[in-house]
2 protein chains.
Amino acid sequence: MSVNASSLLPYVEKIERRRPLSDEARAAFLALPVQLESYGTYQSILNEGERPDRCCLIVEGVVSRYKSLKNGRRQINSFHYAGDMVDLQAAILTVADTGIRTHTPTKAVRIDCEDILDLAEKYPEWARAFWFDTQVDASIFREWTLNVGQRTAVERVAHLLLEISARLESIGQSDGKEFVLPVTQADLADAVGLSAVHTNRSIQQLRHSGALRTHGRKVVIENYPALAKVASFDRTYLHPEGPRR
Amino acid sequence: MSVNASSLLPYVEKIERRRPLSDEARAAFLALPVQLESYGTYQSILNEGERPDRCCLIVEGVVSRYKSLKNGRRQINSFHYAGDMVDLQAAILTVADTGIRTHTPTKAVRIDCEDILDLAEKYPEWARAFWFDTQVDASIFREWTLNVGQRTAVERVAHLLLEISARLESIGQSDGKEFVLPVTQADLADAVGLSAVHTNRSIQQLRHSGALRTHGRKVVIENYPALAKVASFDRTYLHPEGPRR
DNA sequence: CGGCGGTTTGATGTGACTCAAAAAGAGTGG
DNA sequence: CCACTCTTTTTGAGTCACATCAAACCGCCG
């Protein structure tokens, strides 16, 4: 298998887990010219306000999308893992309303926006796949707004941990019980709209309640039902059922 | 013009403001069979968790999408106005992760999800239009997460008012300075993650600063630059520039 | 003129923030 | 394997923004 195909495969697998592609459509995607790039920890992939001409598919590592205010406060909008097309929005929106940066050493491939649009134009199934992907993204954003807008500190942190767990599980990096937390508590704080100190205290509270344990970066969910209950976590919003068509 | 076409026209106009459609594509949309429905104030159009088979296009009135917690707390995720296809997500996501309800007397047309998908399959320009619409939606959700996650009470309220103003302006219901606020303060509160009381006090603060005035439901922006500054409002996230293609 | 949704006010409580510093890990080089 | 540094997590103390509760007020409509 070519370098291209092997780095693009995780995304195809993610799409086909939801709904199989025709051989022709799959092949067309895997034949796209790509450019593999490596990043260190906390490196910028895209800045807010830029006009990117390429999309970004994560091959390895963890990145986040964020928006920031002039006073320095930052909101992380989403975390992305291997197989995620982070910047699908770049294909059709000309100006980036979020920045993208890494949280671990990361490998990513860049795909030309025009190639994505051509694919969507030629293959309705790809148009639908990209659209579905964007809809799931949007659904997650809605849940995050609910999270920071209405839940208490402990609930927010619990919810985020469960989401991370679920998403890592879908790419084989968690067994649903135990996973390596790919980000620091300060980053979690930026994602749930709390201070780092209070995020830490919320995690401690979850530990003391017996819902989870941590060993360094490793998180062990001790009592999933209890954790899901405090977080009111319901994975419907991740839309694991796939698209209607 | 048929009843169908006249109620569907506002959406076509919104789409074509961004990028013109081919005559054929336009005609195909306007020929869709639709069902016009009327709702009163605070009526439910869709409940969380349902499996709708039709999308919903607002002809007249204001509706919101929301998510709620078992303790009764509610987060409004978006407001929608005439010409908005509120429930485009229903076309491709099988289960609704948000509810939809009206805030004013509302007229809406229901379009079969399968018709939407057929249109996207047959006309790549429609597939792109729907995808773009969803991307803009997602961008607004990201901004709302930033709003509730990182801004202070006064900033949040100012930002929401400016967004409402900008969106009403694009459909001719505001001149950019003066508009009729289509929702109550309690609803604003649910949208910005504050209590109704504190939302009220934040509005008062904006009034006392001279940034805006209110006469009943009418809002008059007295000092747009000042208001935009406190809100750090920048309409880039509404993507008025339209799609790349 | 009475009733009702919506707005406004006041008083009080508290969850989360800030600042600052200590403790614990993780990585690097001698 | 230990010393050193840098990052991340944890602790403590004091403060403030926003929540809650309850009641008054206002404007609109029948």
Side-chain angles (χ1 to χ4, degrees), chain A residues 40-43 62 69 71-76 101-105 147-161 180-208 212-219 230, chain B residues 40-43 62 69 71-76 101-105 147-161 180-208 212-219 230:
Chain A
T41 300
Y42 290 134
Q43 263 189 279
V62 173
L69 299 174
N71 62 15
R73 298 187 64 106
R74 182 202 325 260
Q75 176 68 45
I76 290 181
R101 61 178 192 146
T102 64
H103 289 260
T104 65
N147 209 36
V148 299
Q150 306 297 336
R151 285 197 257 251
T152 66
V154 173
E155 292 167 2
R156 288 184 214 185
V157 171
H159 194 279
L160 178 53
L161 291 176
V180 176
L181 186 65
V183 299
T184 67
Q185 291 183 8
D187 295 324
L188 292 179
D190 282 346
V192 294
L194 296 170
S195 68
V197 170
H198 205 64
T199 300
N200 176 270
R201 289 183 165 128
S202 301
I203 293 172
Q204 289 180 48
Q205 199 171 319
L206 290 170
R207 276 199 299 247
H208 295 150
L212 57 82
R213 262 184 312 138
T214 63
H215 295 95
R217 274 293 164 80
K218 196 174 72 177
V219 176
V230 307
Chain B
T41 301
Y42 291 134
Q43 261 188 280
V62 173
L69 299 174
N71 62 15
R73 298 188 64 105
R74 179 197 336 253
Q75 176 67 45
I76 290 180
R101 64 180 188 141
T102 63
H103 289 260
T104 65
N147 209 36
V148 300
Q150 305 299 335
R151 285 197 258 252
T152 65
V154 173
E155 292 166 1
R156 288 184 213 184
V157 172
H159 195 279
L160 179 53
L161 291 176
V180 175
L181 186 66
V183 299
T184 66
Q185 292 183 8
D187 295 325
L188 291 179
D190 282 347
V192 294
L194 295 171
S195 67
V197 170
H198 206 65
T199 300
N200 176 271
R201 288 182 167 130
S202 300
I203 293 172
Q204 289 179 48
Q205 199 171 321
L206 291 171
R207 275 199 299 245
H208 295 150
L212 58 81
R213 262 184 312 138
T214 63
H215 295 95
R217 273 294 161 79
K218 196 174 69 178
V219 176
V230 308

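The chains referred to below are lettered A, B, ... by the order of the sequence lines, with proteins before strands, and numbering in each begins at 1. Quick caveat, the model's predicted, so the values are computed rather than measured.
- Of all heavy-atom pairs between A:A196 and A:A186, the closest is CB-CA, 4.1 Å.
- Here the straight-line distance linking atom CD1 of A:I203 with atom CG of A:L188 works out to 5.5 Å at 0.5 Å rounding.
- For residues 193-204 of chain B, no pair satisfies salt bridge (charged side-chain N to carboxylate O under 4.0 Å, His left out), with sequence neighbours left out.
- Under the 4.5 Å side-chain criterion, counting only non-hydrogen atoms from C-beta, B:V183 is not in contact with B:I76.
- Taking all atoms of both residues into account, the shortest heavy-atom contact from B:L194 to B:R156 is CD2-NH1, 3.6 Å.
- The heavy-atom pair separating A:N200 from A:Q185 by the smallest distance is ND2-OE1, 2.8 Å.
- The terminal axes of the helix from C:dC1-D:dG30 to C:dG30-D:dC1, fitted over 5 pairs per end, subtend an angle of 40° to the nearest 10°.
- The shortest heavy-atom contact between A:V148 and A:A191 is CG1-O, 3.9 Å.
- Remark: P of C:dA24 and NE2 of A:H215 are 16 Å apart, rounded to the nearest angstrom.
- By the 4.5 Å heavy-atom criterion applied to side chains, A:R207 and A:L212 are counted as neighbours.
- A:R73 is linked by a side-chain contact (heavy atoms from CB on, under 4.5 Å) to A:L69, A:N71, B:Q150, counting only residues two or more places apart in sequence or in another chain.
- Atom CG in A:L188 sits roughly 12 Å away from atom C1' in D:dT8 (whole-Å rounding).
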- [ ] Could you run through nucleotides 25-30 of chain D and give me one letter per nucleotide, 5' to 3': B if any protein heavy atom sits under 4.0 Å from the base, S if only the sugar-phosphate is that close, - if neither?
- [x] ------
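- The minimum heavy-atom distance between A:V62 and A:P182, with the atom names listed, is CG2-CB, 3.4 Å.
- What separates NE2 of A:H198 from C1' of D:dT9 is a distance of 16 Å, to the nearest Å.
- If you check residues 149-160 of chain B against DNA chain C, you find no residue with a heavy atom closer than 4.0 Å.
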- [ ] Assign a letter to each nucleotide of nucleotides 7-13 of chain C from its 5' end: B, base within under 4.0 Å of a protein heavy atom; S, sugar-phosphate only; -, no contact.
- [x] SSBBB--
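- The CZ atom of B:R213 sits 14.5 Å away from the CG atom of B:L206 when rounded to the nearest 0.5 Å.
- For the atom pair CG (A:L160) and OG (A:S202), the distance works out to 11.5 Å, reported to the nearest 0.5 Å.
- Annotation for B:H103 and B:T41: closest pair O-CG2, 3.4 Å, computed over non-hydrogen atoms.
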